[in-house]
Asks: 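Pasting a structure below so you can have a look.
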Amino acid sequence: MTAETSVPSTALLAGADRDGSNYTARHLLVLEGLEAVRKRPGMYIGSTDSRGLMHCLWEIIDNSVDEALGGYCDHIEVILHDDGSVEVRDNGRGIPVDVEPKTGLSGVEVVMTKLHAGGKFGGGSYAASGGLHGVGASVVNALSARLDVEVDRSGHTHAISFRRGVPGAFAATGPDAKFEAGGLRKAKKIPRTRTGTRVRYWADRQIFLKDAKLSLEHLHQRARQTAFLVPGLTIVVRDEYGLGEGGSKGEESFRFDGGISEFCEYLATDKPVCDVLRFSGQGSFKETVPVLDDHGQMTPTEVTRELGVDVALRWGTGYDTTLKSFVNIIATPKGGTHVAGFEQAVAKTMNEVLRTKKLLRVAEDDIVKDDALEGLTAVVTVRLAEPQFEGQTKEVLGTSAARRIVNTVISRELKAFLTSTKRDAAAQARVVMEKAVAAARTRIAARQHKDAQRRKTALESSSLPAKLADCRSDDVERSELFIVEGDSALGTAKLARNSEFQALLPIRGKILNVQKSSVTDMLKNAECGAIIQVIGAGSGRTFDIDAARYGKIIMMTDADVDGSHIRTLLLTLFHRYMRPMVEAGRVFAAVPPLHRVELIQPKKGQDKYVYTYSDRELRDKLLEFQSKGVRYKDSIQRYKGLGEMDADQLAETTMDPRHRTLRRINLSDLDSAEQVFDLLMGNDVAPRKEFISNSAATLDRSRIDA
């Protein structure tokens, strides 16, 4: 073997010799200041797509919100200019403009050009804030082709601009204008009582992807959320660029004086079973942090921190859990120690009281977290100085003491509510606890069902309903399950189907209305239980769409009023307990024909039988035949049900993928769908009666099958 063939490929790729002597200090690159941000923007804003562009805007807005948190600001304005720039204005104290002694730069330049510099480290400026790493404004500056800052303070408007992080001034508007390096300057005199900050920036398209753009919807959501969290703060979003629907422009203003209680009511979509509860408290903890001493050295020092907890929550009749968490008004979508402490406290306290009041049987296991949180809408907020986040994007709180303090506060307050002796509170508490117990029992029942729902081999298939006519194929993408109305239609469908990939499950007439029934009643119902068992993916919160045994679920009912009612009952079952199937577009309604017209002596290439699917289509087709001189028999067959068709007719019109028509069931608007199902199938009769009365005049009486 030659020396050349024995050299490792990594060394050859690196261009180094075998002892590595070519790898020296000159190969090392030191990035200083904002260069590091431009070189690795993902480290600071997560990505360079639309998400990163929005994150830059949040960084500037959050600086203004921190002023509002401190009580210095009550108005923030966000302007999306028509030239693509973004401006954030506030009436806070204004960024300091005096010279910072260590760097010799003005406060504005320090904030905008130095990483890990700001008013949130020393503890004297902000008791609690969202920006804590001191990199927010400087990162936005580094990633902007141009950034302008105007500060109203000390009787003057102070102004400075930056071009990709370099301070100076532009001769005109826009990032392409002539630029000259320089420092902070006094622009004009103003009343000494006027204070505030205005930041306008043009995102650098050398950094961000071409298709990266701001989302007006997300901006409105964030502004609304912040206005809820800071009562008394007004946030105005003005769109001059045209990001609205259809390129529309406009202005939205957000202000909520009800705080997180009002936020909780806004987030909740189901009917309440208790009032909005407000739990608050605080605790202290010690942590060791580096503190600047008199000699300018960073010395590890043990300090005492205060952590405030404020939670609004309420339980509703629904099954989903909506939990929003915040640290100093910064959203933590991935939770953290404060959320862990909250969830642990709710489950533990609920179990203690359930055992004390004997609402859980001795033989029953404790409820789990998901049972206690079922139907819960909660807003969990904590405020503390210098929280520890996991990453600059601040999606997870890492301060370990938050778990203990939140746990203690929530345990105390929730126990007081659950054991209250006041009549209204006691009644609401009992409903909440009974809901949690019912959720636990339903979970156990669903698990038992799921154990029997696994796809069986030919020898084990006896656990599936006997009336199921299964298909032979194991290919989920290809397989189809037809839910057929009645045994008579089943007999014809068995002959019409392709047994390779089409399975049949008959149901007897109208199934249980699950909108009016409990989960336990639904699982006990033979028809509903059979459908869930055959699909094999569970139900409700435990539904796993990846475990579904069929790629398409097709409801095949008669083309009459009863058939429509059965289809509505089936849709209610899928919407309430197997919604992911509907959301994935895997639930369909078959469209059987209403009429069959037999042609007399059809021409070559013309079908002998023509099928129509409505009375209007039949009239139009007959008029077309008359105009073209096509003869047909007067005895036009009208199908009352699927059982009247023979196998060939059913296959050709309704089951054969080459010829059939299917209607896909869509959930384009979840809230609207919830309202419609509640109106048509829910317990409240009065709105349904009003709907029927108001719609009676618009009914096409020819559609009534009488």
Side-chain angles (χ1 to χ4, degrees), residues 32-35 37-38 44 56-68 70 72-73 76-79 85-122 124-126 129-171 173 175 177 179-204:
E32 295 184 357
L34 302 185
E35 295 177 51
V37 181
R38 294 182 62 81
Y44 299 88
C56 286
L57 179 54
W58 303 147
E59 291 287 0
I60 301 299
I61 293 174
D62 288 344
N63 286 338
S64 296
V65 174
D66 287 338
E67 286 288 289
Y72 306 108
C73 165
I76 297 173
E77 195 169 349
V78 182
I79 305 169
S85 63
V86 183
E87 185 175 3
V88 179
R89 301 174 176 177
D90 68 56
N91 62 348
R93 292 172 294 179
I95 303 173
V97 295
D98 55 320
V99 175
E100 195 277 321
K102 187 175 290 187
T103 60
L105 301 174
S106 66
V108 177
E109 291 176 81
V110 171
V111 167
M112 289 294 171
T113 61
K114 302 298 181 184
L115 293 178
H116 307 292
K120 294 138 191 182
F121 292 110
S125 304
Y126 297 91
S129 66
L132 295 154
H133 297 154
V135 301
S138 54
V139 164
V140 178
N141 190 16
L143 301 179
S144 298
R146 173 176 177 174
L147 184 142
D148 298 339
V149 183
E150 288 186 351
V151 178
D152 293 336
R153 192 174 170 123
S154 305
H156 286 87
T157 295
H158 304 262
I160 189 171
S161 297
F162 300 88
R163 185 176 67 177
R164 296 188 172 90
V166 177
F170 285 88
T173 306
F179 176 79
E180 186 175 337
L184 187 68
R185 63 192 184 279
K186 290 182 179 180
K188 62 180 179 179
K189 280 189 174 183
I190 58 171
R192 295 190 69 85
T193 55
R194 186 193 301 171
T195 59
T197 304
R198 294 175 294 281
V199 177
R200 182 176 181 180
Y201 68 93
W202 287 256
D204 191 350

Asks: Should the heavy atoms of other residues, nucleotides or ligands under 6.0 Å from CZ of R185 be counted, would the total exceed 12?
Replies: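 Yes, enclosed.
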Asks: Mind listing the closest non-hydrogen atom pair of P167 and I160 along with its distance?
Replies: CB-CD1, 3.8 Å
Asks: Are side-chain heavy atoms of E59 and V139 found at a separation under 4.5 Å?
Replies: no
Asks: Quick check: closest heavy atoms across F162 and F179, and the distance to 0.1 Å?
Replies: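 Closest heavy-atom pair between F162 and F179: C-CE1, 4.5 Å.
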Asks: Could you walk me through whether L143 and Y44 pass the side chain to side chain contact (heavy atoms under 4.5 Å, CB included) check?
Replies: CA-CA 10 Å; L143 301 179; Y44 299 88; 5.9 Å; no
Asks: Is any NZ, NE, NH1 or NH2 atom of the basic residue among D148 and R198 found under 4.0 Å from an Asp or Glu carboxylate oxygen of the other?
Replies: no
Asks: Could you tell me whether the side chains of D152 and T195 share a donor-acceptor contact shorter than 3.5 Å?
Replies: no
Asks: Examine distances only and state if a side-chain atom of R146 and a backbone atom of S161 form a donor-acceptor pair shorter than 3.5 Å.
Replies: no
Asks: Could you tell me if the side chain of Y72 sits less than 4.5 Å from the side chain of D90, heavy atoms only?
Replies: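 No, every pair of side-chain atoms sits at 4.5 Å or beyond.
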Asks: Ignoring hydrogens, what is the shortest heavy-atom contact between T197 and G94? Give both atom names and the distance.
Replies: OG1-CA, 3.2 Å
Asks: My understanding is that only one of V199, L184, T157, V108 makes a side chain to side chain contact (heavy atoms under 4.5 Å, CB included) with V151; could you say which?
Replies: V108
Asks: Quick check: closest heavy atoms across C73 and S64, and the distance to 0.1 Å?
Replies: SG-O, 4.2 Å
Asks: Do R93 and E67 meet the salt-bridge criterion of a basic N to acidic O distance under 4.0 Å?
Replies: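 Salt bridge: yes.
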